[in-house]
Amino acid sequence: MADPGLSVSTLIQFLDLFGTAAFAATGAFKAVEHKSDIVGIIILATITGVAGGVLRDVIFGRIPPVAIANPFYVIITIGMAVAIFFLYRSFKHYEGLILKFDAVGLGVFTIIGASFAYSVFGMNFLAMAFAGIVTAIGGGILRDVFVNEVPIVFVKELYASASFAGVVVFFGMLAAGVDVNVAAIPCIALVTGLRMFAMKYNWNLPRPRV
Amino acid sequence: MADPGLSVSTLIQFLDLFGTAAFAATGAFKAVEHKSDIVGIIILATITGVAGGVLRDVIFGRIPPVAIANPFYVIITIGMAVAIFFLYRSFKHYEGLILKFDAVGLGVFTIIGASFAYSVFGMNFLAMAFAGIVTAIGGGILRDVFVNEVPIVFVKELYASASFAGVVVFFGMLAAGVDVNVAAIPCIALVTGLRMFAMKYNWNLPRPRV
Amino acid sequence: MADPGLSVSTLIQFLDLFGTAAFAATGAFKAVEHKSDIVGIIILATITGVAGGVLRDVIFGRIPPVAIANPFYVIITIGMAVAIFFLYRSFKHYEGLILKFDAVGLGVFTIIGASFAYSVFGMNFLAMAFAGIVTAIGGGILRDVFVNEVPIVFVKELYASASFAGVVVFFGMLAAGVDVNVAAIPCIALVTGLRMFAMKYNWNLPRPRV
């Protein structure tokens with residue numbers, strides 16, 4: 001779930017669409033696999049697609065949240081849920097592709113969240129990291145918790161880490177005087193690329209020895 | 001958890017009381033079954049009874065939430081928790097009756113949530129559906145997640161679906177010019193009836209073939 | 001997570017620091033034990049340390065929440081997470097000590113939460129109890145739910161109960177005319193002491209016979 005915090009270019013809006021749909025698809029898959037009915041599938045798809053952005057907006061005081069003010073997001077998540085309800089096998093067959101879109105969502109949500117905090121607080125790294133990461137991982141955490149799994153962000157290859165890396169570079173570029181709309185694109189690409197490579201090559205950050 | 005978003009009639013306030021108490025009872029049962037102490041039982045009963053409404057109010061910007069501004073709700077949830085602590089077997093014996101009251105709660109919370117969104121946004125179907133369903137199912141989702149179960153809404157007979165059906169008919173009646181207070185009663189009855197029949201006859205919406 | 005709702009003395013600020021660090025440490029331990037990478041550890045430590053306070057601020061309308069406006073808290077939680085990442089065995093060796101600091105956190109978060117509600121609503125017992133308990137247990141509930149465990153507050157010796165007892169005495173002292181800053185210290189000590197004795201002697205409140 002993202003929002004026009006920055007004067008979003010058409011490209012970012014397009015990527016945002018992809019991201020919301022991909023997040024919703026991962027939620028719909030989980031719901032189907034837990035034998036939800038159609039309404040349960042719609043709810044879990046919608047939570048996965050928009051909860052990160054809603055959480056960010058509620059914490060930072062933008063009421064109503066973008067995902068409620070703009071019906072576009074929920075229409076996408078419902079559409080994706082209904083499509084997967086009817087065509088689960090076909091969509092599941094393309095799960096690899098959907099996980100690539102999910103990586104796009106991770107990138108675009110991160111940068112839209114971070115740039116929203118930037119528009120409110122200026123150059124405050126912690127606020128930007130907080131907003132970027134909450135936007136990017138909030139929906140996925142709730143999706144996993146609601147089907148009784150440990151959230152992917154705590155156990156999988158570079159996920160929140162990719163999001164965090166994107167915020168660091170984004171902050172650095174803004175600090176160096178790069179325009180926010182210019183900085184957004186390579187940072188989205190960085191997060192998305194990191195996540196895709198992490199999935200492909202099973203990259204992990206070090207874990208502590210226990 | 002509900003609130004006087006519409007100029008609530010005495011009847012709706014009475015149903016709201018039943019609903020909050022019934023939701024709290026389902027939370028108290030879960031806590032007892034997980035061997036909580038009295039304070040744990042009070043907390044889970046209160047979360048189940050009021051979290052949906054608090055979540056709705058936080059998302060839609062009504063601060064403080066009704067359930068905090070008006071002590072009535074929390075007094076009910078605490079009272080129910082204490083009663084079930086002392087009289088678990090007796091209450092459990094009437095669990096069937098309590099699930100009927102829970103169905104009343106589902107109906108009244110749905111319509112109070114939807115009419116709150118209507119009072120803020122006017123005829124916006126998505127906002128009404130969002131607010132109605134969040135109010136109706138938020139507490140139950142948290143109850144189940146907190147005792148490490150997959151929420152009933154994702155796995156059981158018509159639950160969120162009954163709530164959704166109520167919003168659709170409510171929206172249709174308002175669109176047709178029916179007064180909000182007049183429309184509320186039959187829509188609450190619809191949700192409650194659907195849920196009761198679904199429990200009795202084990203109705204389910206279709207699930208996708210996996 | 002706490003905040004200067006009362007004209008906090010240096011002592012309370014110091015205890016608050018201890019509490020946030022101790023809460024963060026319990027989150028970092030859980031993340032390590034679930035084989036999170038460094039970013040997952042930081043996220044779970046931060047959620048555990050600040051989520052209770054963020055939740056309280058969002059529900060009571062203080063935007064942005066103290067934990068975001070003041071970078072100090074997140075710096076502490078990140079620092080603790082990084083330290084535990086590198087020195088897990090050493091910290092784990094002192095887990096008993098950290099659980100004592102956690103008891104300090106339980107006390108100081110309870111009273112800071114309750115005194116925040118007091119500063120907003122005056123002598124409203126339910127608001128004070130709500131804010132105090134949410135601040136004290138919110139982070140721990142999310143920590144446990146996110147690693148798929150039933151939250152400690154629903155199953156363990158005096159935890160939320162100790163927090164609740166502190167609110168009762170705090171409210172009573174304010175009602176008796178004691179200055180809020182004077183009342184805070186013994187009430188923090190009460191909660192902390194109750195929790196420490198409960199751990200040491202395995203105190204439990206009665207549970208219902210099922």
Side-chain angles (χ1 to χ4, degrees), chain A residues 27-47 50-51 53-59 61-78 81-92 141-150, chain B residues 54-63 65 116-117 120-121 123-134 136-138 140-168 194-195 198 203-210:
Chain A
F29 284 152
K30 288 268 188 217
V32 168
E33 284 148 22
H34 280 78
K35 307 197 183 313
S36 283
D37 67 15
I38 177 67
V39 173
I41 296 168
I42 288 173
I43 291 176
L44 199 59
T46 301
I47 289 172
V50 309
V54 168
L55 195 56
R56 174 204 61 212
D57 288 347
V58 164
I59 291 175
R62 175 162 48 182
I63 300 294
V66 171
I68 291 166
N70 178 346
F72 196 53
Y73 296 102
V74 175
I75 290 171
I76 287 176
T77 62
I78 294 175
V82 171
I84 287 178
F85 174 77
F86 284 113
L87 300 167
Y88 176 74
R89 283 161 184 276
S90 310
F91 274 88
K92 195 69 184 175
I141 287 184
L142 292 185
R143 174 198 63 209
D144 295 344
V145 165
F146 285 175
V147 294
N148 222 351
E149 299 177 2
V150 175
Chain B
V54 168
L55 195 55
R56 174 204 61 212
D57 288 348
V58 165
I59 291 175
F60 285 89
R62 175 161 48 182
I63 300 293
F116 170 61
V120 176
F121 293 106
M123 290 298 287
N124 178 329
F125 178 73
L126 284 173
M128 288 170 66
F130 199 98
I133 292 174
V134 164
I137 74 176
I141 287 184
L142 292 185
R143 175 198 62 209
D144 295 345
V145 165
F146 285 175
V147 294
N148 222 351
E149 300 176 3
V150 176
I152 182 179
V153 359
F154 298 126
V155 290
K156 272 284 167 58
E157 334 84 11
L158 304 189
Y159 195 90
S161 329
S163 171
F164 180 71
V167 174
V168 169
L194 276 175
R195 174 70 189 136
W203 282 353
N204 286 289
L205 283 185
R207 290 170 165 66
R209 242 146 293 161
V210 180

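All heavy atoms count here, side chains included; hydrogens, waters and symmetry mates do not. Below, chains carry the letters A, B, ... as their sequence lines are ordered, and counting in each starts from 1. Just so it is clear, the model here is predicted, and its values are computed rather than measured.
- B:P151 approaches A:F146 most closely through the heavy-atom pair CD-O, 2.9 Å.
- The candidate from B:N148, B:V145, B:V153 with the greatest count of non-hydrogen atom pairs under 4.5 Å with chain A is B:N148.
- Shown here are the side-chain contact (heavy atoms from CB on, under 4.5 Å) partners of B:L55, two or more places apart in sequence or in another chain: B:I59, B:V134.
- For B:F154, the parts lying under 4.5 angstrom from a heavy atom of chain A are both the backbone and the side chain.
- Contact tally against chain B (heavy-atom pairs below 4.5 Å) for A:I84, A:V147, A:I68, A:I41: the top residue is A:I68.
- Judged as a side-chain hydrogen bond (donor to acceptor under 3.5 Å, both in side chains), and not counting sequence neighbours, A:S36 has no contacts.
- Crowding of B:F125 atom CZ: a count of heavy atoms from other residues, nucleotides or ligands under 6.0 Å exceeding 12.
- Interface remark: B:V58 contributes backbone and side-chain atoms alike to the contact with chain A (heavy atom separation under 4.5 Å).
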